[in-house]
Number of protein chains: 2
Amino acid sequence: MLKYEKVANQIELFIKENDLNQGDKLPILDDLTEEFKVSKSTIIKALDILEIKGLIYQVRGSGIFVRKSHRSGYINLSGGDGFRKDLEGFELDSKVISLEQMVPPKKVALGLKLEDNEEVYYLKRLRIIEGAPLCLEESYFSKKLVIYLNNEIVQGSVFDYLRDDLKIEFGFTDIYLRIVDLSKKEAELMGLKEGDAALLSESIYHLHNGEPFNYSILKYHKDQAQFFVPTSRY
Amino acid sequence: MLKYEKVANQIELFIKENDLNQGDKLPILDDLTEEFKVSKSTIIKALDILEIKGLIYQVRGSGIFVRKSHRSGYINLSGGDGFRKDLEGFELDSKVISLEQMVPPKKVALGLKLEDNEEVYYLKRLRIIEGAPLCLEESYFSKKLVIYLNNEIVQGSVFDYLRDDLKIEFGFTDIYLRIVDLSKKEAELMGLKEGDAALLSESIYHLHNGEPFNYSILKYHKDQAQFFVPTSRY
DNA sequence: CAGTGGTCTAGACCACTAT
DNA sequence: TAGTGGTCTAGACCACTGG
């Protein structure tokens, strides 16, 4: 692990453990460099990361302060790798509806930059939070990059499997949001009525080298769709 | 303007002007340092900013590549200061419904960290895109920080006024999204039916020094609510 | 193993805040 | 005007990619 990552993690931990609140002041730069025995630039890099993550803000001439605004139960869209981390403390569950290999719809093939007739794993699940339907998930995995998937794996966190077992290194993700109407079938799965609104999230996940490996279409239950996006200068 | 900002802007311009596409390679670091006559660290800082903005991705040992994925007409939530920039090329308009001074609801007073009975400017507008209702806006401005507002100003871009005339320096913003039902009155303004779904966006805008100055509640027309969130490692 | 991006440092100097 | 964060540099060294 890199020095600035280590420092960022420790400062994050420090904020959590001391239960610091909005506006609380962190130690000054010079003290932090001494504390962590690294150069000023390294501390600044660590702080920049925490600023991007929405945890702190820095005021020139004044100090470094805790931001911490996140409402509980909201999914942080800037997080990158799914919503497990944001919904910690909530009981999450999955009901697998189907897992198959297929040639995907054109839109997906395009998004994943597939050759003609190249196959994907197509996974359909109902995600459940505290016993209630959270969202309907349709996920397409490029078989070229996600070489193996089975029913057992898909019962748990697919992203954990990709990272820990397939050693896939995540890069960036594009997320598109809009409102759609549910079909009769979808509504039934979610315990809603045909034509009820849902929040649609379309995401394309890329490896660190820019190759797209997953196209996900999530339809969130209108009562459960709660998102958070922190922004900073930059 | 800072060196790294200038460099970032110029590289962004270079991508646009040469109409570079996803995966196109930018010049290597050494060439960029030479081109811009700045140190390697400064180039890297500029590139990091472009990466956060979702415009490029960097692959160690390989190169710097263009990301460019944005669908047109989608509002970039990570942008920070409203949606004018994302909706460039679209005809935007506002219909002011009311502008008054008042003591705001508790939730707003709390979000803006106001004293008891401290007043705000309360602005209600219908935002229009290409002649169709985009969203219903309710915006509360802390009078302590936004010292003056009138009907003329509020006809155009309030944020431009705050930045250019009041010299307000924006810092960070928290955005919360969820789905709500429209009241009869709201639905009428949007050309929809009572109970129709809308995408609710609640945002608290802060100055660079952490003081909250604006609480905005936007209800987007379900057919116009299109959002984009780019994420990167970090 | 050459090419390319990334980390980390020490230190000079700058810019803003608070008093 | 002292305290504190930010910019920028030159350079040593490291880590990954791809032929």
Side-chain angles (χ1 to χ4, degrees), chain A residues 1-11 23-52 55-67 145 167-172 206-211 232-234, chain B residues 1-11 23-52 55-67 145 167-172 206-211 232-234:
Chain A
M1 184 176 274
L2 300 166
K3 278 196 189 179
Y4 69 78
E5 285 181 322
K6 227 181 291 181
V7 172
N9 288 160
Q10 284 187 251
I11 295 176
D24 285 352
K25 197 167 188 277
L26 291 178
I28 65 169
L29 274 180
D30 281 352
D31 290 350
L32 291 170
T33 58
E34 182 142 341
E35 166 92 23
F36 292 107
K37 307 280 183 220
V38 296
S39 73
K40 194 177 165 187
S41 314
T42 299
I43 292 285
I44 286 180
K45 173 105 184 177
L47 291 171
D48 282 349
I49 289 174
L50 295 177
E51 177 154 10
I52 292 164
L55 293 169
I56 62 162
Y57 57 95
Q58 303 175 71
V59 185
R60 196 201 296 244
S62 178
I64 304 151
F65 305 91
V66 173
R67 187 163 154 189
L145 300 165
K167 306 291 178 202
I168 280 182
E169 290 183 86
F170 302 161
F172 54 91
H206 302 256
L207 303 183
H208 72 296
N209 68 0
E211 285 188 271
S232 309
R233 60 181 163 80
Y234 281 118
Chain B
M1 184 177 275
L2 300 166
K3 279 195 187 180
Y4 69 78
E5 285 181 322
K6 227 181 293 182
V7 172
N9 288 161
Q10 283 188 253
I11 295 175
D24 285 351
K25 197 166 187 280
L26 291 179
I28 65 169
L29 274 182
D30 281 352
D31 290 350
L32 290 171
T33 59
E34 183 142 343
E35 166 92 22
F36 291 107
K37 308 281 182 216
V38 297
S39 73
K40 195 178 166 187
S41 315
T42 300
I43 292 286
I44 287 180
K45 173 103 185 178
L47 292 171
D48 282 350
I49 289 173
L50 294 176
E51 178 154 11
I52 292 163
L55 293 169
I56 62 161
Y57 58 95
Q58 302 175 71
V59 185
R60 190 192 314 233
S62 179
I64 303 151
F65 304 91
V66 173
R67 186 162 154 193
L145 301 166
K167 305 291 178 201
I168 280 182
E169 290 184 86
F170 302 160
F172 53 91
H206 302 256
L207 302 184
H208 71 298
N209 68 0
E211 285 188 271
S232 309
R233 61 181 162 79
Y234 282 117

Phosphate contact (dG18(D) OP1 or OP2) by Arg60(B) side-chain N/O below 4.0 Å: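 No, because none of the side-chain N or O atoms of Arg60(B) sits under 4.0 Å from OP1 or OP2 of dG18(D).
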Just to confirm, is there a sub-4.0 Å distance from OP1 or OP2 of dT7(D) to any side-chain nitrogen or oxygen of Tyr4(B)? yes
Give the intermediate values and the outcome of side-chain contact (heavy atoms from CB on, under 4.5 Å) for residues Val7(B) and Leu32(B). CA-CA 9 Å; Val7(B) 172; Leu32(B) 290 171; over 6 Å; no
Mind checking [X] for me? I need base, sugar-phosphate or nothing, with any heavy atom below 4.0 Å counting as a touch.
X	value
Ser41(A)	base
Lys40(B)	base
Ile44(A)	base

Closest approach to the side chain of [X], judged atom by atom: which nucleotide of [options] is it?
X	options	result
Thr42(B)	dT7(C), dG6(D), dT9(D)	dT9(D)
Leu2(A)	dT9(C), dC14(C), dT7(C)	dT7(C)
Ile64(A)	dA10(C), dG5(D), dT7(D)	dG5(D)
Leu29(B)	dT7(C), dG5(C), dC8(D)	dG5(C)
His208(B)	dT17(C), dT4(D), dT9(C)	dT17(C)
Gln58(A)	dG11(C), dG5(D), dT17(C)	dG5(D)

Tell me if the CD atom of Glu5(B) is crowded by more than 12 foreign heavy atoms within 6.0 Å. yes
Between Glu211(A) and Leu207(A), is a side-chain contact (heavy atoms from CB on, under 4.5 Å) present by the stated rule, with each step listed? CA-CA 5 Å; Glu211(A) 285 188 271; Leu207(A) 303 183; 4.1 Å; yes
Between Glu51(A) and Arg233(A), is the salt bridge (Lys or Arg N to Asp or Glu O under 4.0 Å) condition met? List the steps. CA-CA 9 Å; Glu51(A) 177 154 10; Arg233(A) 60 181 163 80; 3.3 Å; yes
Can you work out whether Lys37(B) or Val59(A) has the more 5'-proximal nearest nucleotide on DNA chain D?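 Nearest nucleotide further toward 5': that of Val59(A).
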